[in-house]
Amino acid sequence: MKLIHLANCNSTNIGNGALMSGLEAVLSEDLPGRLEWIREPWDDYTFGLKEFDSDFIKLVNQSDGLIVGGAVTFNGRDYNHQTGSRFELPFGLWSSIRKPVVFYGLSYRNWEGQEYHHRDRLIQLIEKILETPNMLLSVRNDGTREWLQRTTGIEEDFLEVPDSAVFVETDQQTNPRELEPNSKNIILSFNDEDASFRFSRRNSGIPDARDHVINQYVQAVERIADEFKVNFILVPHYFDDYQMISDFMKRLRPRIGHQMTVSTGLSRAKDTGAFYERYRRVDLAVSMRVHSMSPCIGLGTPMVALITQERMRDFMERVDLENVCVDAFDKDSGELLYERMSQSLNAPRSVTDQFGAVRDILRTQTRTFHRQIENLIGNQ
């Protein structure tokens, strides 16, 4: 069976690679027969290198089906004038699609106070998918369902599926050079995207919210460095993160920066296996990004989620992992972050056991969803 996978194949935001890797791994396990994956770079369409046109339709119709991967789809950009989403296939061409289309775990990136352009087109898009017999719509388990209901006014109980990045596969043949033997290797991730909205006083409830988050993060890390022999690995997932990393390092005690801290660079989606092998091997990750957070659950890596966006909180509440979360805007977030980090380093087994149980539940949910995909593709 040959499936087109529309995903951000050429992206340097590594979370896209985790989504692709996990989706293809578990769907290949669950659908009968051998799957042949044809990756089609969604980001090429986003940046105008390709068009959603008759050639795209031809590509889909020559396959057994199209999987629209679970990347951020609903971001409300002003240039998404066809459908109000990144899936910009003009409505006039939809009737030409003869093969099944699965929208797999779509997500949003639109914050309170941020305008959503072409909302009317977004409503048309969702209605079009729901009324088309050979299409199946699902959203990621990160609050996208509720966000989509609020934004469109459509009261459909949208099908919710697990973030496929939970099931990312790593390249265990690689040997990440940042790791230090005989030390507690700790990944520190950052997230400075859309800072003007995410760190606004309106959203956080505190003045100078971004400074507060960084200062509290520094406080926790310095206390951990006093208690354990550590090797901190700064792991940017995209260019947005470098500004926060720079501000973090300026406030960190000099000896920690000079002797206990290293940094990776960015990786392309094609290098996903090697990138996430770091996550598999470390003792702990502090995660400010969704795809620093969810892969740890699948990999069994102890993790503390430092939350600055609701979709992270929504995901963790849905999987009953609030006990490893810290609200970054809490006035004592540094103290709580230190406690969570210390607990995980002292008793990692309790965290990994909990993550294993959650992974099993999420894997069962994906199998249930994949039966719907099998039925849809099998009935073409």
Side-chain angles (χ1 to χ4, degrees), residues 3-8 19 23 26-27 30-31 40 42 45-46 52-54 56-57 59-61 63-77 79-110 116-164 311 314-315 318 365-380:
L3 294 179
I4 307 296
H5 188 182
L6 185 69
N8 294 329
L19 288 166
L23 186 156
V26 292
L27 200 52
D30 293 346
L31 292 191
E40 182 66 8
W42 196 349
Y45 292 84
T46 299
F52 284 108
D53 54 17
S54 58
F56 177 77
I57 298 292
L59 178 70
V60 174
N61 287 338
S63 73
D64 294 296
L66 170 67
I67 307 295
V68 180
V72 167
T73 306
F74 311 121
N75 56 11
R77 299 297 187 254
Y79 49 79
N80 292 149
H81 60 91
Q82 297 280 2
T83 67
S85 77
R86 289 183 56 243
F87 188 72
E88 280 279 88
L89 182 67
F91 293 128
L93 294 177
W94 284 50
S95 61
S96 300
I97 299 178
R98 300 192 304 273
K99 298 302 174 73
V101 179
V102 176
F103 295 89
Y104 193 119
L106 305 186
S107 188
Y108 75 102
R109 190 174 121 182
N110 181 257
Y116 197 98
H117 296 278
H118 309 296
R119 179 176 165 274
D120 57 334
R121 289 289 189 170
L122 174 63
I123 294 170
Q124 285 183 267
L125 170 73
I126 300 304
E127 291 176 340
K128 187 77 172 176
I129 296 172
L130 293 175
E131 70 186 20
T132 304
N134 66 336
M135 293 187 180
L136 178 61
L137 174 64
S138 67
V139 296
R140 194 189 298 169
N141 60 337
D142 62 356
T144 297
R145 176 170 57 192
E146 292 77 9
W147 176 89
L148 195 57
Q149 290 169 337
R150 291 193 306 270
T151 303
T152 65
I154 298 173
E155 297 182 357
E156 178 79 14
D157 188 19
F158 298 108
L159 179 62
E160 192 174 70
V161 299
D163 180 350
S164 63
R311 61 182 183 168
D314 288 338
F315 177 91
R318 279 165 166 75
Q365 292 173 357
T366 62
R367 288 192 186 96
T368 300
F369 175 55
H370 292 168
R371 284 197 287 270
Q372 295 190 47
I373 296 177
E374 182 182 350
N375 290 336
L376 179 68
I377 295 176
N379 291 329
Q380 64 175 305

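- When all heavy atoms of P133 and L376 are compared, the closest pair comes out as O-CD1, 3.8 Å.
- Within the model, atoms CZ of R77 and NE2 of H117 stand 8.5 Å from one another, a figure rounded to the nearest 0.5 Å.
- Within the 4.5 Å cutoff, no side-chain heavy atoms of N110 are placed close to those of F74.
- Pairing each heavy atom of P162 with each of T366, the nearest pair is CG-CG2, 3.8 Å.
- The side chain to side chain donor-acceptor pair (under 3.5 Å) with R86 is formed by just one residue from the set N75, N80, N8; it is N8.
- Of all non-hydrogen atoms in I377 and D64, the two that sit nearest each other are CG2-O, 3.9 Å.
- Here T73 pairs with nothing under the side chain to side chain donor-acceptor pair (under 3.5 Å) rule; sequence neighbours left out.
- Side-chain contact between L159 and Q372 is present, with heavy atoms from C-beta onward closer than 4.5 Å.
- Y104 meets the ring pair (Phe, Tyr, Trp, His ring centres under 6.0 Å) test with F369, H370; sequence neighbours excluded.
- Atom OG of residue S164 and atom CG of residue L27 lie 10.0 Å apart, to the nearest 0.5 angstrom.
- Counting all heavy atoms, side chain and backbone alike, R119 lies closest to G153 at NH2-N, 4.5 Å.
- Proximity of a side-chain donor or acceptor of Q124 to a complementary backbone N or O of T83 within less than 3.5 Å is not detected.
- Between D120 and H118 the shortest side-chain heavy-atom distance falls below 4.5 Å.
- You'll find the side chain of I154 reaches within 4.5 Å of the side chain of I123, heavy atoms only.
- Contacts classified as side-chain hydrogen bond (donor to acceptor under 3.5 Å, both in side chains) and involving residues 129-142 (residues at least two apart or in different chains) are given here: S107-D142, D142-T144.
- Judged as a salt bridge (Lys or Arg N to Asp or Glu O under 4.0 Å), and not counting sequence neighbours, the contacts of R109 are E193, D194.
- Under the side-chain contact (heavy atoms from CB on, under 4.5 Å) criterion, V60 pairs with F56, L66, I97, K99, not counting sequence neighbours.
- Taking CE from M135 and CD1 from I129, the interatomic distance works out to 7.0 Å, rounded to the nearest 0.5 Å.
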Worked verdict on F52 versus L93 for side-chain contact (heavy atoms from CB on, under 4.5 Å) = CA-CA 9 Å; F52 284 108; L93 294 177; over 6 Å; no
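- Every residue meeting the side-chain contact (heavy atoms from CB on, under 4.5 Å) condition with Q82, not counting sequence neighbours, appears here in chain and number order: E88, P90.
- For the side chain to side chain donor-acceptor pair (under 3.5 Å) test, residues two or more places apart in sequence or in another chain that qualify with Y45 are E40.
- Residues L122 and T151 share a closest heavy-atom pair of CD2-CG2, 4.0 Å.
- Legend: residues meeting ring pair (Phe, Tyr, Trp, His ring centres under 6.0 Å) with Y108, ordered by chain and number and at least two apart, are W147.
- Under the rule for a side chain to side chain donor-acceptor pair (under 3.5 Å), the partners of E146 that lie at least two apart in sequence or sit in another chain are R318.
- We find the CG-CG distance between L130 and L125 to be 9.0 Å, quoted to the nearest 0.5 Å.
- Across all their heavy atoms, L148 and T152 have their closest contact at O-OG1, 2.7 Å.
- With sequence neighbours excluded, the residues that form a salt bridge (Lys or Arg N to Asp or Glu O under 4.0 Å) with D157 are R145.
- When the side chain to side chain donor-acceptor pair (under 3.5 Å) test is applied to R311, the partners found at least two apart in sequence or on another chain are Q309.
- Remark: F91 pairs with W94 by the ring pair (Phe, Tyr, Trp, His ring centres under 6.0 Å) rule, at least two apart or across chains.
- With rounding to the nearest 0.5 angstrom, the OG atom of S96 is 5.5 Å from the CD1 atom of I57.
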